[in-house]
Engineer: 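Encoded as structure tokens, here's the structure I'll be asking about.
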Amino acid sequence: MAYIIKGHHIWSLANMEIHQSSNGELEVKRNNIGQLFREAQQNILYLNKQRLVAVEELNKANREKQLLLDRIERLEAEKQAGVGEVEELDKANREKQLLLDRIERLEAEKQAGVGKDKLSLCWELLLRIDSMVLSSMISAGEASDFRRLVMDHKVIVADAFNEILQKKDAELLAELLHFSDRSKKSGFHVIHICTEMSPLVSVGSLPSYVTGLSWALQRKGHLVEVILPKYAIMDLDEVQGLQEIKAGFYSYFNGQQHGNRIWTGVVSGIGVSFIEPLYYSSFFSREKVYGYSDDFERFTYFSRASLDYIVKSGKQPDVLHIHNWETAIVGPLFWDI
């Protein structure tokens with residue numbers, strides 16, 4: 001049975017009945033939520049620390065490069081004037097080459113994502129599965145089985161698929177089929193449909209909540225992903241492996257079907273899908289996230305498109321977690337899908 005979460009209420013997708021917990025149950029839930037928030041805060045701090053360390057290492061190498069270049073320039077000038085030592089200049093040039101090699105390695109690792117955690121690798125694989133089902137390479141049922149397979153064997157799968165993720169879908173599918181007999185459901189599949197997520201786009205308190213809670217739930221063994229609008233103001237440098245899914249995707253709005261582009265990537269170890277409207281391209285290409293007279297229409301479009309995307313990609317989540325008024329309409333729209 002699947003559920004939609006909105007605020008303090010839980011709707012069953014089978015009968016949409018609102019369940020109210022007893023005082024004792026609420027206290028237990030509050031304690032659990034408090035623990036999740038503490039873990040989420042630790043996760044965010046850890047990820048930010050790791051990012052800062054990597055950036056500082058690269059900046060340090062570039063500073064050393066500039067100092068060495070200045071030194072070589074001085075030695076070259078001394079050599080031309082007949083007062084410099086050739087041996088010292090040769091040594092400086094050797095140091096320069098070693099440093100350039102180091103910078104090239106750091107840049108290559110940054111581009112290739114070397115050192116990514118196993119969760120990020122798993123999400124790259126999950127997003128490739130989304131691409132396969134949208135391009136009709138596999139069925140929705142097969143996609144669901146493969147997703148469970150990946151989450152049930154995260155450590156093994158991350159190690160086994162680290163190299164083959166760069167290969168074509170056919171080769172990747174062949175490897176997935178070798179693992180398929182070990183598929184077994186565990187944990188819950190949770191999809192957040194929301195309008196903000198840290199560090200991509202932040203206006204209020206929602207962004208850090210979405211990222212932190214997703215991380216905490218994934219550490220508990222659950223499969224968690226996020227669906228966002230593709231804002232023009234979004235910081236896409238924070239997205240690992242951003243790519244457009246080359247498949248037609250249409251969603252229903254104002255009595256008609258409208259085309260969208262779907263982009264996928266990994267943010268802080270969490271799989272994220274971005275919806276970019278084509279006909280209504282102005283909806284999310286603005287200078288701000290909120291504050292327009294057509295905000296209701298903008299986020300109604302996104303909410304419906306998110307549901308259409310979930311259905312077409314063959315996802316079968318146990319929980320749809322919707323946030324604030326912008327995506328509250330997902331509840332009643334669910335029954336139109």
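In this text, all values refer to a predicted model and were calculated from it rather than measured experimentally. Side-chain atoms are counted along with the backbone in the values below, which use heavy atoms only and exclude waters and symmetry mates.
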Engineer: Could you tell me if the side chain of Val133 sits less than 4.5 Å from the side chain of Arg147, heavy atoms only?
Structural biologist: yes
Engineer: Taking only Lys NZ, Arg NE, NH1 and NH2, and the carboxylate oxygens of Asp or Glu, determine whether Asp308 and Arg304 approach each other closer than 4.0 Å.
Structural biologist: yes
Engineer: To check you understand the geometry: which heavy-atom pair defines the closest contact between Val224 and Ile270, and what is its length?
Structural biologist: O-CG2, 4.0 Å
Engineer: What are the two closest heavy atoms between Val239 and Val267, and how far apart are they?
Structural biologist: CG2-CG2, 4.0 Å
Engineer: Report the C-alpha separation of Lys312 and Ile262 in whole Å, then their side-chain angles, then the decisive distance to 0.1 Å, and conclude whether the side chain to side chain contact (heavy atoms under 4.5 Å, CB included) test is met.
Structural biologist: CA-CA 12 Å; Lys312 186 169 183 181; Ile262 300 296; over 6 Å; no
Engineer: Taking side chain as C-beta onward, heavy atoms only, is Ser306 less than 4.5 Å from Val330?
Structural biologist: no
Engineer: If we only count heavy atoms from C-beta on, is the Leu125 to Phe146 side-chain gap below 4.5 Å?
Structural biologist: no
Engineer: Is the cationic atom of Arg286 (NZ for Lys, CZ for Arg) positioned less than 6.0 Å from the six-membered ring centroid of Tyr231 and within 45 degrees of its normal?
Structural biologist: no
Engineer: With heavy-atom distances below 4.5 Å as the criterion, would you say the side chains of Glu171 and Lys168 are in contact?
Structural biologist: yes
Engineer: Does any part of the side chain of Asp294, heavy atoms only, come nearer than 4.5 Å to the side chain of Glu297, both counted from C-beta?
Structural biologist: yes
Engineer: With the 4.5 Å side-chain cut-off for hydrophobic clustering, are Val311 and Val190 part of the same group?
Structural biologist: yes
Engineer: Can you find a side-chain donor-acceptor pair between Ser313 and Asp130 that sits under 3.5 Å?
Structural biologist: no
Engineer: Transitively linked via ILVMFWY side-chain contacts under 4.5 Å: Leu307 with Tyr250?
Structural biologist: no
Engineer: Around atom CD of Glu287, are there more than 12 heavy atoms of other residues, nucleotides or ligands at under 6.0 Å?
Structural biologist: no
Engineer: Would you give me the side-chain donor-acceptor pairs under 3.5 Å for residues 272-284, sequence neighbours excluded?
Structural biologist:
unit_1 : atom_1 : unit_2 : atom_2 : d
Ser273 : OG     : Tyr309 : OH     : 3.0
Glu276 : OE1    : Trp263 : NE1    : 2.8

Engineer: CD1/Ile322 to OG1/Thr327 distance, rounded to the nearest 0.5 angstrom?
Structural biologist: 5.5 Å
Engineer: What I'd like to find out is whether the side chain of His323 reaches to under 4.5 Å of the side chain of Val210, using heavy atoms alone.
Structural biologist: yes
Engineer: A side-chain contact here means heavy atoms from C-beta on lying under 4.5 Å apart; do Phe296 and Ile329 qualify?
Structural biologist: yes
Engineer: How close do Lys230 and Met234 get, counting heavy atoms only, and between which atoms?
Structural biologist: CA-CE, 4.4 Å
Engineer: Are Glu225 and Lys315 close enough for a salt bridge, meaning some N to O gap below 4.0 Å?
Structural biologist: yes
Engineer: Closest heavy-atom contact between Glu196 and Ser202?
Structural biologist: OE1-C, 3.6 Å
Engineer: Quick check, are the ring centers of Tyr252 and His258 under 6.0 angstrom apart?
Structural biologist: no
Engineer: Could you give the distance from CG (Leu134) to CD1 (Ile245), rounded to the nearest 0.5 Å?
Structural biologist: 5.0 Å
Engineer: Any chance you could measure Ser251, atom OG, to Asn260, atom CG, to the nearest 0.5 Å?
Structural biologist: 4.0 Å
Engineer: Could you check whether His222 and His189, counting side-chain N and O atoms only, form a donor-acceptor pair closer than 3.5 Å?
Structural biologist: no
Engineer: Same hydrophobic cluster for Phe253 and Tyr292, using side-chain heavy-atom links shorter than 4.5 Å among ILVMFWY?
Structural biologist: no
Engineer: Compare every heavy atom of Gly204 with every heavy atom of Pro207, then report the nearest pair and how far apart it is.
Structural biologist: CD-O, 3.2 Å
Engineer: What do the steps show when you test Leu223 against Leu126 for side chain to side chain contact (heavy atoms under 4.5 Å, CB included), and what is the final call?
Structural biologist: CA-CA 10 Å; Leu223 168 58; Leu126 289 168; 3.5 Å; yes
Engineer: Please assess Val226 against Cys194 for the test side chain to side chain contact (heavy atoms under 4.5 Å, CB included), listing each intermediate value before the final yes or no.
Structural biologist: CA-CA 7 Å; Val226 176; Cys194 52; 3.6 Å; yes
Engineer: Return the CG to OG distance between Asp169 and Ser135, rounded to the nearest 0.5 Å.
Structural biologist: 6.0 Å
Engineer: Less than 6.0 angstrom from the centroid, inside 45 degrees of the normal: does Lys288 satisfy that with respect to the ring of Tyr290?
Structural biologist: no
Engineer: Rounded to the nearest 0.5 Å, what separates atom CD1 in Ile233 from atom CG in Leu200?
Structural biologist: 11.0 Å
Engineer: Counting distance only, does the side-chain N/O of Gln66 pair as donor-acceptor with the main-chain N or O of Arg63 below 3.5 Å?
Structural biologist: no
Engineer: Shortest non-hydrogen contact from Gln316 to Ser144?
Structural biologist: OE1-OG, 3.7 Å
Engineer: Given the rule in the side chain to side chain contact (heavy atoms under 4.5 Å, CB included) test, do Ile227 and Phe302 qualify, once you have shown the distances and angles that lead to the verdict?
Structural biologist: CA-CA 9 Å; Ile227 302 177; Phe302 166 68; 4.0 Å; yes
Engineer: Can you establish whether the number of heavy atoms outside Glu244 located under 6.0 Å from its atom CD is more than 12?
Structural biologist: yes
Engineer: Any non-hydrogen side-chain atom of Ile138 less than 4.5 Å from a side-chain atom of Ile129?
Structural biologist: yes
Engineer: At what distance, to the nearest 0.5 angstrom, does CG of Asn324 lie from OG of Ser205?
Structural biologist: 7.5 Å
